[in-house]
Amino acid sequence: MYARGVSRPTPPERSPTVGLLLGLLITLSAVVAYSVYITWQVKGLRQLQTQLVDRNRKDSLQLLRIQNDLNLLAVAMRDMVSGDEPYPLTAWSAQFERIRSDLDDAIRREAGFAASTRTPEQSAFLTAAFTQFWDSVDRVFALARSGQEKDAREQIQLSLQERQAALSTAVARLLVQNSENEEQAGQRIVRIYDRVQRQVYFFLAATLLAILLSGLSLIRWNRRLFARLAEISERRSELAQKLIATQESTLRYISRELHDEFGQILTAVGSMLRRAGTHAPEGSSLRADLQEVLQTVQSTLENVRSLSQALHPVMLDEAGLESTLDWYIPTVERQTGITISYEKQGEPFPVDGGAGVHIYRVLQEALNNMARHSGAKRAWVRLRFLPGALELEIEDHGVGFQEHPGKRGIGLVAMRERSELMGGRVVFSRPLAGGTLVHLAVPREKAEFYGKEDHSLAGG
């Protein structure tokens, strides 16, 4: 149970890493699957083109070769039947043998190319038809060699020419079938291309959708992250304000206690020692001891007052920022031995006590850092009262900023926090002559009315 007004701790939000990794895994899986699919389609397309289209074209070339040889046989048989040539029929036997040899080679090659598209019946018919044709040719030349040329010519007219015509028709049909197969293969290729194109569009759409969803998820998580960061920054600013307010309140309390309580006690002790010293005999050792103790008390009182002023200058509350700086800078010069040139510009305007504390602390931290780390023997402090802002600059020509890994103080962070609480800005830079330049700019409205807003250092 929580008391009223106390905010409950927000449960930790689920990390988006698992969802984003899952989305990335799905996208990569889709890319791999689609790549495998495209590779398979291209391989099938290449196989179709190689095994069907190319083989079909080569088969058609061999069929045209067969058809050409059959046409040569037809011309030769026409000349043999016509009897216009003065040669005997046996004179054509050598031509028939050459054509037969070329046909056998063409048929053998064509059978290898047509194995996947030709039916067994077609192959058997073609083989049987050529066998019967050459058997008839052998009988015709046998009759011619025996002197029966008239019977041989009748056999050519009755058998050979018809068988040659039947073979030419069969080859022509095979050529037509090849053309049809090639056209069907072309249609299949077009269908494959169309299907792959559709798949490409689908994959692109799915990929764009996945990218869109991932982008929207990233935007959503980024918005939540930035909102969370803004909330954390706001809480950090509130915490810094409360811590600084608590620190200043504590320092003010300790300063007042030192100045009022211990200061009064030491002042009273000093007065008592003076009175006691007047009663001691002149030149006695008691009087000398009382005087020595009185000097010690007086020195301690001065140290207590200096410590009180260092913790929280009462002058800030009584005389304001400008007078406090007029007192503080010479004090730093005496304590550190560093020559500080102090310049004021512009028409002074009243600075609120709360803003004055922050400005004083920025100056105090900058001068302390300079005294400890810069090694400079001279510094410049500039206070400018501008129409719209109050500016403070602290410059030295020492060694400048040096990074020490593992050793980072909170002084610079506190300076930034104080400047942000006033709505201002502090910038650390390196001047041309080297060293460090701290520039603080505070809007005039914030400098004048800081305490009238909800920034009171006593609050908290």
Side-chain angles (χ1 to χ4, degrees), residues 48-187:
L48 174 64
Q49 193 169 5
T50 302
Q51 294 186 356
L52 184 61
V53 178
D54 292 348
R55 291 172 66 92
N56 192 71
R57 289 176 182 176
K58 292 177 180 179
D59 182 59
S60 296
L61 290 176
Q62 296 302 322
L63 288 175
L64 289 173
R65 180 182 173 187
I66 294 172
Q67 192 176 51
N68 182 61
D69 287 339
L70 290 174
N71 290 334
L72 291 176
L73 290 173
V75 172
M77 287 187 292
R78 184 194 61 191
D79 294 338
M80 292 169 66
V81 172
S82 64
D84 295 335
E85 299 292 337
Y87 307 109
L89 294 180
T90 55
W92 273 273
S93 62
Q95 181 180 358
F96 269 72
E97 286 298 327
R98 288 195 301 273
I99 295 175
R100 182 173 185 176
S101 176
D102 188 70
L103 274 174
D104 290 342
D105 181 68
I107 291 171
R108 178 180 58 80
R109 292 175 179 271
E110 191 273 339
F113 294 133
S116 58
T117 58
R118 186 78 45 81
T119 62
E121 291 78 9
Q122 290 175 327
S123 300
F125 171 77
L126 195 61
T127 302
F130 271 105
T131 301
Q132 293 173 4
F133 175 78
W134 291 119
D135 288 342
S136 299
V137 169
D138 292 339
R139 286 196 298 271
V140 167
F141 281 110
L143 290 174
R145 281 192 293 271
S146 64
Q148 303 178 17
E149 291 196 1
K150 182 178 180 181
D151 294 337
R153 286 188 173 88
E154 289 179 358
Q155 286 293 324
I156 292 173
Q157 291 178 339
L158 296 176
S159 178
L160 284 184
Q161 289 182 338
E162 291 182 1
R163 293 183 185 279
Q164 185 273 338
L167 286 172
S168 296
T169 302
V171 171
R173 287 175 180 173
L174 292 177
L175 283 171
V176 171
Q177 182 180 354
N178 281 354
S179 299
E180 293 176 352
N181 291 338
E182 189 170 350
E183 183 178 355
Q184 292 176 2
Q187 293 176 356

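Since we're looking at a predicted model, the values are computed, not measured.
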Check: Arg139 and Asp135 side chains under 4.5 Å, non-hydrogen atoms: yes
When you look at Met80 and Phe96, which way does the side chain to side chain contact (heavy atoms under 4.5 Å, CB included) test go after all the steps? CA-CA 12 Å; Met80 292 169 66; Phe96 269 72; 3.6 Å; yes
Nearest 0.5 Å, what's the OG1-CG distance between Thr131 and Leu126? 9.5 Å
Find the distance between CD1 (Ile107) and CZ (Phe130) and round it off to the nearest 0.5 Å. 4.0 Å
To check you understand the geometry: which heavy-atom pair defines the closest contact between Ala76 and Gln95, and what is its length? CB-NE2, 4.1 Å
Closer than 4.0 angstrom, basic N to acidic O: yes or no for Asp102 and Arg98? no
Would the distance check show the side chain of Asn71 and the main-chain N or O of Gln67 forming a donor-acceptor pair, the cut-off being under 3.5 Å? yes
Whether the side chain of Ser146 engages the backbone of Leu143 through a donor-acceptor N/O pair (distance < 3.5 Å, no angle test) should be reported. yes
Find the distance between CG (Leu73) and CZ (Phe133) and round it off to the nearest 0.5 Å. 4.5 Å
Rounded to the nearest 0.5 Å, what separation is found between the CZ atom of Arg65 and the CD atom of Glu110? 11.5 Å
Working to the nearest 0.5 angstrom, can you tell me the gap between Met77 CE and Leu72 CG? 10.5 Å
Could you check Lys150 against Glu154 for side chain to side chain contact (heavy atoms under 4.5 Å, CB included), going step by step and ending with a plain yes or no? CA-CA 6 Å; Lys150 182 178 180 181; Glu154 289 179 358; 4.0 Å; yes
Donor-acceptor list for residues 159-167 side chains, cut-off 3.5 Å, not counting sequence neighbours:
residue : atom : partner : partner atom : Å
Ser159  : OG   : Ser136  : OG           : 3.4
Ser159  : OG   : Arg163  : NE           : 3.1
Arg163  : NE   : Ser136  : OG           : 3.2
Arg163  : NH1  : Gln132  : OE1          : 2.8
Gln164  : NE2  : Leu70   : O            : 2.9
Gln164  : NE2  : Ser168  : OG           : 3.0

Nearest-0.5 Å distance, CD1 of residue Ile66 to CG of residue Leu61: 11.5 Å
Taking every non-hydrogen atom, the tightest pair across Arg153 and Val81: CD-O, 3.9 Å
Taking all non-hydrogen atoms of both residues, which atom of Glu149 and which atom of Leu89 are closest, and how far apart? OE2-N, 3.6 Å
Might you point out which heavy atoms bring Leu175 and Ser60 nearest each other, and give the distance in Å? CD2-O, 3.6 Å
